[in-house]
Number of protein chains: 2
Amino acid sequence: MVRRSGRRPGNQDTKQSILESARKVFAERGFDKASIRAIAGEAQVDPALVHHYFGTKEKLFLASMNSPIDPAEVIPKAMAGPPEEAGERLVRLVLGVWDSPAGAAAVALFRSALSNEWTARLMREFVVTQVLRRAVAELGIDEAQAATRAALVATQIAGLAVVRYVLRVEPVASAPTEQLVAAIGPNVQRYLTGDLPGVFETGDGH
Amino acid sequence: MVRRSGRRPGNQDTKQSILESARKVFAERGFDKASIRAIAGEAQVDPALVHHYFGTKEKLFLASMNSPIDPAEVIPKAMAGPPEEAGERLVRLVLGVWDSPAGAAAVALFRSALSNEWTARLMREFVVTQVLRRAVAELGIDEAQAATRAALVATQIAGLAVVRYVLRVEPVASAPTEQLVAAIGPNVQRYLTGDLPGVFETGDGH
DNA sequence: GTCTATAACTCGATAGAC
DNA sequence: GTCTATCGAGTTATAGAC
């Protein structure tokens with residue numbers, strides 16, 4: 001029987017460290033500007049190894065998106081509670097997820113979606129229909145209004161992400177979570193359950 | 001005397017058409033992905049001509065940013081009126097400018113700022129301090145709160161731009177201006193003049 | 001003033017040695 | 001499993017012919 005001495009060929013941990021580096025670099029630069037070479041350098045690994053493990057750059061991106069956070073599980077939990085505070089809970093949830101290490105994947109997807117058509121489609125289909133629709137549905141909002149309210153919530157959440165994580169405008173960039181929750185939550189609340197002039201025009205006209 | 005027949009060497013109008021194409025392509029793709037070749041192709045002109053007229057790509061970008069719209073003139077005009085409707089007027093102003101042909105430069109700057117550090121700095125310095133500070137100053141808002149309120153307004157305006165012009169999420173992408181003004185204006189209003197818990201923490205603590 | 005040709009650089013992806 | 005070498009396609013920018 002063969003006894004392998006010393007460190008094994010590094011198989012399982014290099015693949016994992018490539019994934020971590022990919023999440024980090026994708027989050028910092030977005031899909032397009034994140035080069036395989038840079039990701040490999042970050043992981044102190046040969047660029048060819050990245051291709052060997054993950055094939056194409058797109059497949060690497062998809063692999064790095066497999067986050068331990070499941071919207072189907074975390075959204076209903078956040079929406080449960082007094083409906084009049086759902087806005088604040090949604091902002092708190094988003095900031096909590098995105099500020100966590102596991103949230104790098106979400107930031108990467110968002111940042112990439114801003115400059116790449118392929119990831120933009122990925123995000124539209126995933127976030128807007130999966131996350132926001134789920135959130136408004138959880139609150140029992142009229143189907144005819146759901147799309148409009150979800151899109152309006154998206155404007156506030158996306159803007160928060162842009163200012164805090166992409167443009168890094170102070171004082172929002174480094175404000176504590178609860179301060180932003182108190183400031184922005186009520187505005188999200190209005191989009192969720194408030195009176196919105198013109199929101200009915202899409203659906204029933206009675 | 002020399003009589004030139006037919007079309008003159010195209011001097012003055014080619015330079016102008018390059019500028020127009022630059023604004024358009026920069027707005028569509030952002031600074032990085034907008035190639036000199038694509039801009040030249042759009043203007044039906046040789047790529048080398050672009051360099052001949054404008055030097056580098058950065059100088060071309062700066063030249064294309066010289067919009068006929070002057071914030072110093074248009075902001076005070078929009079802020080004049082009942083203070084309790086300033087939010088709606090601000091949203092109406094932004095949508096009016098950005099939907100207009102002359103607004104392509106603004107969209108270009110914004111889109112570029114999302115993926116390029118150089119243009120991001122340009123935008124932080126110009127928009128946040130020039131436009132938003134001017135707007136909140138026009139309303140006579142406390143200096144200590146101005147930065148926070150301006151940044152919060154930025155989250156909503158930037159988010160509106162992202163959803164409407166970059167990600168193109170319906171129904172916001174193709175909603176009429178006044179519907180968005182009615183839906184989003186009040187939220188901007190709250191950031192401008194409303195009660196914001198925690199907004200005082202930066203400044204005076206009395 | 002206009003355009004061809006090309007330098008000098010990036011990138012993703014692959015072939016093949018070890 | 002790992003790495004060297006390289007291909008082919010992008011890019012900005014420049015030099016120089018006409």
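Here is how names work: the chains are called A, B, and so on, in the same order as the sequence lines, proteins then strands, and each is numbered from 1.
- Atom CH2 in A/W118 sits roughly 14 Å away from atom C1' in C/dG12 (whole-Å rounding).
- Sorted by first then second residue, the ring pair (Phe, Tyr, Trp, His ring centres under 6.0 Å) pairs that include residues 143-187 of chain B, not counting sequence neighbours, are B/W98-B/Y165.
- Atom OH in A/Y53 sits roughly 8 Å away from atom C1' in D/dT2 (whole-Å rounding).
- The list of salt bridge (Lys or Arg N to Asp or Glu O under 4.0 Å) pairs with a residue in residues 39-57 of chain B, not counting sequence neighbours, reads B/K24-B/E42.
- With sequence neighbours excluded, the residues that form a side chain to side chain donor-acceptor pair (under 3.5 Å) with A/T155 are B/Q156.
- Side-chain contact between B/R89 and B/L93 is absent, with no heavy-atom pair separated by less than 4.5 Å.
- Shown are B/L90, B/V94, B/V91, B/V188; of these, the side-chain contact (heavy atoms from CB on, under 4.5 Å) with B/V181 is made only by B/V91.
- Because its NZ or CZ atom is not both nearer than 6.0 Å to the ring centre of B/Y53 and within 45° of the ring axis, B/K59 does not count as a cation-pi partner of that residue.
- Distance, B/D32 CG to C/dT10 P: 15 Å, rounded to whole Å.
- Looking at every heavy atom in both residues, A/F31 comes nearest to A/N116 through CD2-ND2, 3.6 Å.
- Residues of residues 56-66 of chain B that place a heavy atom closer than 4.0 Å to DNA chain D, in numerical order, are B/T56, B/K57.
- Closest approach of A/L167 and B/A120 over heavy atoms only: CD2-CB, 4.3 Å.
- We find that NE2 of A/H52 is positioned 13 Å from P of C/dA15, with the value rounded to whole Å.
- Taking a 4.0 Å limit (strictly below) on heavy-atom distances, residues 107-117 of chain B does not reach DNA chain C anywhere.
- The CZ atom of A/F54 sits 16 Å away from the C1' atom of C/dA13 (whole-angstrom rounding).
- Of the possible polar contacts, none joining the A/R23 side chain to the A/A106 backbone as a donor-acceptor pair under 3.5 Å is found.
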**OP:** Would you please test A/N187 and A/Y191 for side chain to side chain contact (heavy atoms under 4.5 Å, CB included) and show each step?
**Re:** CA-CA 7 Å; A/N187 278 20; A/Y191 289 149; 5.5 Å; no

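- Put simply, CD1 on A/I18 is 12 Å from P on D/dG1, counting in whole angstrom units.
- Within residues 36-51 of chain A, the residues approached by DNA chain C to less than 4.0 Å at the level of any non-hydrogen atom are A/I36, A/R37, A/H51, in residue-number order.
- Under the 4.5 Å side-chain criterion, counting only non-hydrogen atoms from C-beta, A/L62 is not in contact with A/F54.
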